[in-house]
Amino acid sequence: MNTHRKPEELRSYRWFGPDTMRGFSHRSRMQQLGYRREDFTGKPVIGIINTWSEINPCHAHLRERADAVKRGVWAAGGFPVEIPAFSITETYMKPSPMLYRNLLAMDTEEALRSLPIDGAVLMGGCDKTTPGLLMGAISMNLPALFLPAGPMLRGNWNGQPLGSGTDIWKFWTERCAGGVSDEDWNAIESGIARSPGFCMTMGTAATMTALTEALGMTLPGASSIPAADSNHVRMAIDSGRRIVQMAWEGLLPRAILTEAAFRNSITVDMAIGGSTNAIIHLVALARRCGIELPLAVFDEIARRTPVLANIRPNGEFLMEDFYYAGGLRALMAEIGDLLALDCVTVNGETMGHNLEGARVVKPEVIRPRTAPLAENGGTAILYGTLAPDGAVIKTVAASPHLYRHSGRAVVFRDYKDLEARIGGDDLHVDANSVLVLQNAGPLGGPGMPEWGMLPIPKKLLASGVRDMVRISDARMSGTSYGTCVLHVSPESYVGGPLALVRDGDPITLDIPNRRLDLEVAAEEMARRRADWRPPAPPDRRGYLALYRERVTQAHLGCDFDFLSQEQAGAPADPAIW
Ligand code: FES
């Protein structure tokens, strides 16, 4: 056992060690739970922060996995305690689960801060759970490692593999165009999600868990293991063993999460063609570490990183195939020359050491450098008169014929307006139009719902149109596709230029030159700005009122301003009395 610290130097010793009335109380209550004093005193107490919930199907297996983590913790001489955390389920939480990422971050930080914890295993995977858990753990800065829930198995319908999200969008579009029967639609519903685990396309969940591994915060190879695979159980046990050692060593998240680690993570994001949501989350995570990640860094790294993962929605295969092809370690080994290999990871080794021996065994799934899916990065950052603080587009999911496009705006003032009019025969729209959605940003949504893949107007679907330029301050599901400009900042709700767009305005998208411009004269824009009035905030109570008051814009990560490192400083350990 690697014991750099003495037992009395453990944080939990402050609760359990002293011969005081409080120490007595803390020990006696552990004995109430059936433990002896020697079970927990002077041993690393490991908090297993578990986002299991019966209404979170992506995490259905995490109760069992927590037991596996406990086996590892006991075996390594630690004392495990499972702590439930707010479970953000992407499927069911309305209006947008993104609203609650910061709540989970606070829940995690405060649980770790207020309880006698020496180290934490963070269990999550469904989209916002990964950044939420990490943000809290970074702020608390106790030894911590992340245990990814793992992707579900491939979906299946009529012998065809089905991908979460991506194939729903695809078959729904065909159904709207009259091409899918009721019987087939019902069979797809039964076959698309058939095991525990998160979405098995390269959506936000698979992206964020991969980026967490690239940051060095999981055991090597952990993020690619399907949830239902027995290797996942062994990885959970190993995570339990390892966190006990980390608690003795005092290996802290902020020693791992350096600027170089974030650059590694962005490089991997580009090579996997990751979800655009990752940009917001990485910016927020970095700011918790006191590191600024301007959007321009993503663009710079994208320009030199090839897309190698041939996974839907960008490619052909699914996460189960990615695992069999060698998984993330194999992909990272393929781009090893683009990575800082001396970054330290949670197993105490460098990233370079962890990648030794990794190799791609199915080059059709993880492409070689000589035959990438795309020559450079999956994402571009756009600036221009319509997005002074930036906007994001997933180029690898966009149609090449729309990379340069000018068209007239068709404006929807909010999502309700979009739903009411998008299917109408009287909508003045053609295939060259640019669809614009307002009031769907961090405050406007609120919570930046994933409305950014605006549906193609029904009357154009019938004539065979399947993609158009779409612009909003919303996000888009990582499983979505299309020429969708997202995260326009500042958002329309706070009076960004997006709020001033009117029907018929010419808009130019120029991805090669990274521009997004509203071609309206400055004098006219000034007139419109003078007429613009901010909407009245509808939420005056509870968490939503706090969210509206303190959330930052998309280019700053949508964190609460009072939780970012520079404003808040580090949380203090509580006094014990
Ligand atoms: Fe949980 Fe997609 S719904 S990851």
Side-chain angles (χ1 to χ4, degrees), residues 50-63 65 85-101 104 122-134 146-155 161-172 188-213 218 222-228 232 269 272-278 280-281 309 311-314 318-320 322-323 328 394 397 447-453 475-481:
N50 195 349
T51 50
W52 173 88
S53 152
E54 273 187 338
I55 199 157
N56 191 340
C58 303
H59 295 184
H61 55 310
L62 291 191
R63 292 301 302 282
R65 290 301 178 276
F86 188 61
S87 186
I88 306 174
T89 163
E90 199 63 24
T91 307
Y92 296 110
M93 210 160 255
K94 311 296 178 193
S96 166
M98 179 65 180
L99 267 177
Y100 299 107
R101 182 199 64 180
L104 173 59
L122 312 167
M123 300 182 72
C126 190
D127 297 17
K128 313 303 177 290
T129 57
T130 302
L133 288 162
L134 286 170
F146 189 82
L147 194 163
M152 61 177 108
L153 300 176
R154 296 181 198 101
L162 291 177
S164 316
T166 305
D167 283 311
I168 303 179
W169 314 125
K170 187 176 106 186
F171 285 108
W172 176 246
I188 291 167
E189 179 181 305
S190 304
I192 200 162
R194 59 187 188 91
S195 85
F198 52 68
C199 292
M200 76 315 241
T201 42
M202 193 57 82
T204 306
T207 300
M208 284 311 301
T209 50
L211 301 195
T212 303
E213 181 170 337
T218 73
S223 68
S224 311
I225 307 172
H232 197 271
D269 186 23
I272 61 178
S275 160
T276 43
N277 286 323
I280 296 176
H281 299 318
I311 307 294
R312 298 180 204 182
N314 315 317
L318 294 166
M319 288 305 292
E320 192 179 339
F322 187 70
Y323 179 55
L328 190 73
K394 188 169 180 176
M448 287 184 91
E450 293 184 336
W451 294 333
M453 190 176 82
R475 295 175 300 115
M476 174 173 95
S477 163
T479 61
S480 302
Y481 52 86

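Bear in mind the structure is a predicted one, so any value in this text is a computation, not a measurement. Below, all heavy atoms of this structure are taken into account, side chains as well, without hydrogens, waters or symmetry copies. As the structure lists them, so they are numbered: ligands from 1, and atoms in each ligand from 1.
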ask   = Can you list every side-chain hydrogen bond (donor to acceptor under 3.5 Å, both in side chains) pair that touches residues 196-205, not counting sequence neighbours?
value =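 side-chain hydrogen bond (donor to acceptor under 3.5 Å, both in side chains) check on residues 196-205 returns T204-S275, T204-N277.
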Indicate the atoms forming the closest heavy-atom contact of [X] with [Y], along with that distance.
| X | Y | answer |
| --- | --- | --- |
| T130 | G125 | OG1-CA, 3.5 Å |
| M453 | Y481 | SD-O, 3.0 Å |
| P148 | T218 | CG-CG2, 4.0 Å |

ask   = Roughly how far, to the nearest 0.5 Å, is CE of M208 from SG of C126?
value =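 Those atoms lie 12.5 Å apart.
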query = What protein N/O/S atoms lie closer than 2.8 Å to atom 2 (Fe) of ligand 1?
reply =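 As for protein N, O or S atoms lying under 2.8 Å from atom 2 (Fe) of ligand 1, they are C199 SG.
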Test: D127 and R101 ion pair at under 4.0 Å =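 Salt bridge between D127 and R101, a charged N being under 4.0 Å from a carboxylate O: no.
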